[in-house]
Amino acid sequence: MAAAPDARAELTLGVLGPTVVRHDGRAVAAGGPAPRTLLCRLVIAGGRFVPIDALVDCLWPHEAPPSARITAQGYLSVLRRALEPGHRPRQPGRVLVRDGAGYALRLGPAALDADRFAAAVTRGRDLLAGGDARSALARFDEALALWRGPAYADCADHPFALAESQRLQELRTGAAEHRLAALIESGAHETAAAQLRAFLAEHPLRERGWALLARALYRAGRQGDALAALRDARTRLMDELGVEPGPELAALHHDILDQALAPAPPAGRAEVAGRPGNLPHAISALVGRAAERRVVSEMLSRHRLVTLTGAGGMGKTRLALAVAGARRDADGPWFVELAGLHEPAALAGRLCAALGISGAGGLDTLVAALRTRTVLIVLDNCEHLADAVGALVRALLRACPDVRVLTTGRQSLRVDGEHLFEVPPLSGGVGGEAVTLFVARAAAVLGGWSPGPDERRLIARLCAALDGMPLAIEFAAAQCRVLSPRQILARLDDRFALLAGARTGSRHTTLLGLMDSWYDLLDGAERESLQALAVFEGGFGLSAAGAVTGRADPLADLAGLVEKSLVTVAAVADGDDRRYVMLETVRQYALRRTPAGRRAVLEGRHTAWVRELADAAGDELRGPASARWMRRLHIEGDNVRAALRRASAAGDTAAVLGIGGGLCWFWFRQGRAGDGLRYLEPALRAADPRLHGHAPLARAAMGLALLRYVSGALDRVAEALAVAARHGAATEDLGLRAQVLATIAYFEAGGGTVAMAMRHASEALALARSVGHRATAAEALMCLGEAQRRCGPASLAKATLAAALHEADRCGHGWATVSVLWLMSKIELSLDRPVPAAALVRRMLEEAYRRADTTGWLVSVAMHAHLMARAGRAEDAVELRAAVRSLGDRAGYQAEAMDAELAGYLAEIPPGSPPGRFAAAEARGRGRSVEQTMAWLRAEPPFGDPSLGDSSFGNSAFGDSLPGDQPLAALGAGVISPGVTVPEARAGRTPRAVGRR
């Protein structure tokens with residue numbers, strides 16, 4: 001393809017993979033599939049003219065349309081614009097040249113990647129034949145790095161491309177063999193052997209590859225493995241082709257038996273690019289890990305033994321090589337691959353062979369050679385030989401003062417002086433390392449690819465589902481040739497089948513193979529524990545592990561799994577107990593290895609544990625430990641959903657009712673109604689009181705009413721309350737009966753049915769006090785106070801609410817405290833006393849925030865918005881209103897939609913005139929987080945910072961009666977009967993709650 005290079009020096013073409021056109025190294029669009037096909041046809045012609053009819057035939061090989069020639073001319077015009085951006089119409093082409101009815105390409109001598117590949121291979125073969133294995137290795141690496149996929153990937157199935165594509169692929173395979181031969185001759189026998197096994201997995205009938213493997217193993221001091229490789233070669237050739245191995249393999253077998261094979265080059269100090277060592281060259285760039293490289297490098301500078309631990313596929317080897325490659329030790333670094341070694345007695349010999357140390361090959365030989373050397377040794381994949389490696393490293397470090405060791409494995413060596421670094425997943429998020437790696441690897445198989453913002457967000461979700469594991473991400477990215485990222489994400493439930501594409505030259509050829517390799521290293525007890533713990537979703541604590549594994553003390557087995565990097569200790573806050581997490585990939589694999597019968601038993605234990613958790617939470621969420629339980633239930637959300645999903649699918653109505661009834665307060669206070677409604681509604685429809693009991697049904701129906709209300713299904717609240725009333729009347733649990741009555745009164749008071757609210761609240765108060773349920777007593781007093789606020793003098797309501805606040809504070813019922821403060825602030829506002837109201841709302845804000853009460857906190861922020869407006873701070877009010885609406889959308893709860901008075905307060909905030917006056921304030925509000933909003937309100941309250949004591953409210957206790965010694969019985973207290981119906985249900989009206997529900 002000779003041509004004058006001056007006009008085209010900036011143009012390069014790539015056909016070793018998807019077709020790409022570059023100018024000055026920058027890829028340019030070459031049109032769609034048809035123009036790229038024409039380009040490939042012209043490249044294969046090698047500078048010869050191709051008639052237009054032949055170009056038409058390559059586009060339409062069976063039957064061309066009538067307009068084929070005109071269409072092909074249009075595609076050629078598109079191609080010309082890509083090849084010659086400055087070309088003007090009617091000027092002769094300089095790259096795409098036309099002669100009569102044909103076209104040809106005129107390219108520079110190094111413009112085509114296939115030509116550069118062939119030249120580099122030729123040069124490498126010459127260097128290898130001349131004995132310069134190091135330089136030859138560099139040339140072969142340079143040649144193979146040009147490949148981005150199959151040759152002529154855009155048209156490899158077209159008849160015109162088949163022969164050339166196969167020719168180039170054969171050259172590529174030969175170059176890979178030459179490279180491995182150079183690797184052996186340069187002294188990297190173990191590395192070459194590992195890579196040859198991967199090569200032969202893809203090319204099992206190449207006799208030279210088997211010969212190279214046997215040679216590498218023999219030179220590594222593994223004569224038995226070398227002979228076994230030759231036996232494998234003979235078996236494969238006989239089974240597949242029915243032929244005996246050729247003379248080269250036969251002669252090699254004889255030489256190994258006679259130990260007549262040429263020995264390894266005398267080493268001691270093998271040189272690579274002017275430096276001693278044998279680190280393998282990276283085929284692809286390391287993405288990210290800058291922080292990890294810095295930390296590990298600093299650790300190595302201070303300590304002589306550093307171990308990189310972490311799950312398989314997390315990139316320990318790549319990180320170790322990057323750290324080692326950046327060091328400047330006088331006699332290293334040296335890389336020793338231990339994955340294929342299974343005999344502890346051969347360990348010292350393996351190190352001697354890798355470091356090129358001649359002699360007997362034992363520990364004494366190794367120590368004698370390294371005693372005076374300053375060297376870093378990287379021992380890769382030590383987990384299956386941890387005890388032997390630990391003993392050898394201990395002896396080596398004691399005898400050789402300037403030797404440092406960097407090891408990788410799934411567990412520590414447990415050697416004095418060892419410092420551990422657990423390799424974390426790649427950073428997440430749209431701009432994180434995981435997405436960067438996925439895009440880089442996908443672009444390599446797609447011939448250049450730049451996803452847009454929406455696709456990057458989807459890729460971030462995909463990478464998170466893959467645990468940020470580099471190996472899994474690379475496998476997934478390779479699937480982009482046939483699947484979109486969205487399709488890959490949708491298929492991750494069967495990730496081991498999806499991520500199964502073999503990778504040439506990699507130790508881990510499939511994700512499933514990687515998982516199998518570490519599972520085989522576990523003993524029976526560890527496998528049983530791993531299977532049991534895999535039923536947890538989102539992590540677990542020590543007591544939960546005991547409940548599901550069935551072991552009184554699961555610590556020993558759990559510690560072993562943590563030691564082997566199969567379970568991770570999660571970060572904890574505020575002195576909480578340790579929590580343990582399993583990578584989703586590991587978890588799914590463990591479930592695959594669990595027999596169906598055993599899995600059913602384990603899942604049953606898990607559901608029972610969640611049910612016990614819910615039972616305990618039912619009372620704790622209405623007491624002083626509510627904040628801790630809110631945090632705990634938030635952490636256990638995945639486990640709760642898994643148990644509910646499983647029980648619902650199995651028709652286990654009792655379990656769904658038990659879990660849902662215990663957790664409804666958590667869902668209600670977090671505004672997460674959907675989590676409960678999805679399971680409680682069908683369970684209540686299927687429930688039978690004779691089987692499931694009245695108490696669980698009453699508790700679940702009461703919770704259903706609250707969740708329907710907070711979700712906005714106001715027209716269905718009364719129906720759930722009626723069910724709760726019916727089963728509450730039938731239960732012998734007086735405390736639960738009181739709670740049902742208080743809940744009914746709560747909605748009656750908010751809906752204006754004052755007399756019924758007073759009656760039911762009084763009944764609830766009497767029952768609660770008879771059994772010592774102070775939290776329910778506080779709720780009942782609150783409902784009484786709300787009923788009085790709506791129909792009676794403010795003084796009576798204020799006194800009752802003060803009693804409710806005192807009761808709530810005494811028993812630590814934070815939700816009641818927050819709700820009562822809100823009602824008290826409403827009274828102050830009705831009396832046009834915004835300053836005392838602000839003090840109450842201020843305390844409400846702090847209480848809700850401290851107790852992780854999402855709905856209460858949102859209401860208090862909304863009240864602050866109203867108070868800002870009353871203080872004349874309209875812009876701040878608009879900003880706060882925007883914040884509470886935005887944060888409410890994220891939580892699934894809109895306070896103003898639940899309470900008419902609050903909606904009226906927010907409606908008083910001016911919309912702005914002209915319309916754009918407060919646009920900036922609204923934008924700021926929508927961008928605020930919970931923490932930012934909290935800090936702002938603490939710094940700038942609407943009316944300074946008055947204390948609660950300045951208002952007319954106090955925390956006085958009123959014993960068992962209201963002020964003035966008015967007996968509760970005078971309010972119409974009675975006993976609920978099975979015939980009681982909720983007034984709103986009977987009248988067809990929608991109930992309203994007291995304040996915020």
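Throughout, numbering of the chain's residues begins at 1 and tracks the sequence.
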Taking 4.0 angstrom as the limit, do [X] and [Y] come out as a salt bridge?
| X | Y | result |
| --- | --- | --- |
| Asp416 | Arg394 | no |
| Glu526 | Lys564 | yes |
| Arg148 | Asp113 | yes |
| Arg219 | Glu185 | yes |

Do [X] and [Y] come close enough that some side-chain heavy atom pair is under 4.5 Å?
| X | Y | answer |
| --- | --- | --- |
| Gln479 | Phe475 | no |
| Val569 | Tyr580 | yes |
| Phe540 | Leu558 | yes |
| Ile488 | Cys480 | yes |
| Val367 | Cys400 | yes |
| Phe421 | Leu319 | yes |
| Val581 | Phe536 | no |
| Ile473 | Arg441 | no |

Would a distance-only check, ignoring hydrogens and angles, find a side-chain to backbone donor-acceptor pair under 3.5 Å from [X] to [Y]?
| X | Y | value |
| --- | --- | --- |
| His419 | Gly417 | yes |
| Lys316 | Val423 | no |
| Glu418 | Arg414 | yes |
| Asp331 | Val375 | no |
| Ser427 | Glu433 | yes |
| Thr309 | Arg410 | no |

Within this structure, what is the [atom1]-[atom2] distance for the pair [X] and [Y], rounded to the nearest 0.5 Å?
| X | Y | atom1 | atom2 | result |
| --- | --- | --- | --- | --- |
| Leu466 | Ile459 | CG | CD1 | 11.5 Å |
| Leu127 | His178 | CG | NE2 | 12.5 Å |
| Leu286 | Leu321 | CG | CG | 9.5 Å |
| Leu521 | Leu566 | CG | CG | 9.5 Å |
| Leu212 | Ile184 | CG | CD1 | 4.5 Å |
| His303 | Leu406 | NE2 | CG | 13.0 Å |

Given Leu462 and Leu492, is the side chain to side chain contact (heavy atoms under 4.5 Å, CB included) satisfied, shown in steps? CA-CA 9 Å; Leu462 170 59; Leu492 280 189; 3.5 Å; yes

Please evaluate residues Met582 and Leu530 with respect to the criterion side chain to side chain contact (heavy atoms under 4.5 Å, CB included), reporting the C-alpha separation (whole Å), side-chain torsions for both, the decisive distance (0.1 Å), and the verdict. CA-CA 9 Å; Met582 193 180 296; Leu530 189 75; 3.8 Å; yes

Closest heavy-atom pair and its distance - [X], [Y]:
| X | Y | value |
| --- | --- | --- |
| Leu426 | Val287 | CD2-O, 4.3 Å |
| Met314 | Arg289 | O-NH2, 2.7 Å |
| Thr173 | Phe199 | CG2-CZ, 3.8 Å |
| Glu337 | Asn381 | OE2-ND2, 3.4 Å |
| Cys382 | Leu413 | CB-CD2, 4.3 Å |
| Ser297 | Arg293 | OG-O, 2.8 Å |

Would you find more than 12 non-hydrogen atoms of other residues, nucleotides or ligands less than 6.0 Å from [X] atom [atom1]?
| X | atom1 | answer |
| --- | --- | --- |
| Asp387 | CG | no |
| Arg302 | CZ | yes |
| Arg461 | CZ | no |
| Arg527 | CZ | yes |
| Glu343 | CD | no |

Which residue pairs pass the salt bridge (charged side-chain N to carboxylate O under 4.0 Å, His left out) test with at least one member in residues 190-199, sequence neighbours excluded? Glu190-Arg222, Glu190-Arg350

Before giving the answer on side chain to side chain contact (heavy atoms under 4.5 Å, CB included), spell out for Leu512 and Arg592 the whole-Å C-alpha distance, their side-chain angles and the decisive distance to 0.1 Å. CA-CA 11 Å; Leu512 185 59; Arg592 284 172 61 101; 4.0 Å; yes

Verdict with supporting geometry, Asp329 and Arg327, salt bridge (Lys or Arg N to Asp or Glu O under 4.0 Å): CA-CA 6 Å; Asp329 299 278; Arg327 290 182 62 87; 2.8 Å; yes

Do Glu563 and Ser412 pair up side chain to side chain, a donor and an acceptor below 3.5 Å, judged on atom types alone? yes

Using distance alone, with no hydrogens and no angle criterion, decide if Arg134 and Ser186 have a side-chain donor and acceptor under 3.5 Å apart. yes

Worked verdict on Val306 versus Glu298 for side chain to side chain contact (heavy atoms under 4.5 Å, CB included): CA-CA 10 Å; Val306 175; Glu298 292 173 354; over 6 Å; no

side-chain contact (heavy atoms from CB on, under 4.5 Å) test vs Arg404 passes for just one of Leu397, Leu376, Ile377, namely Leu376

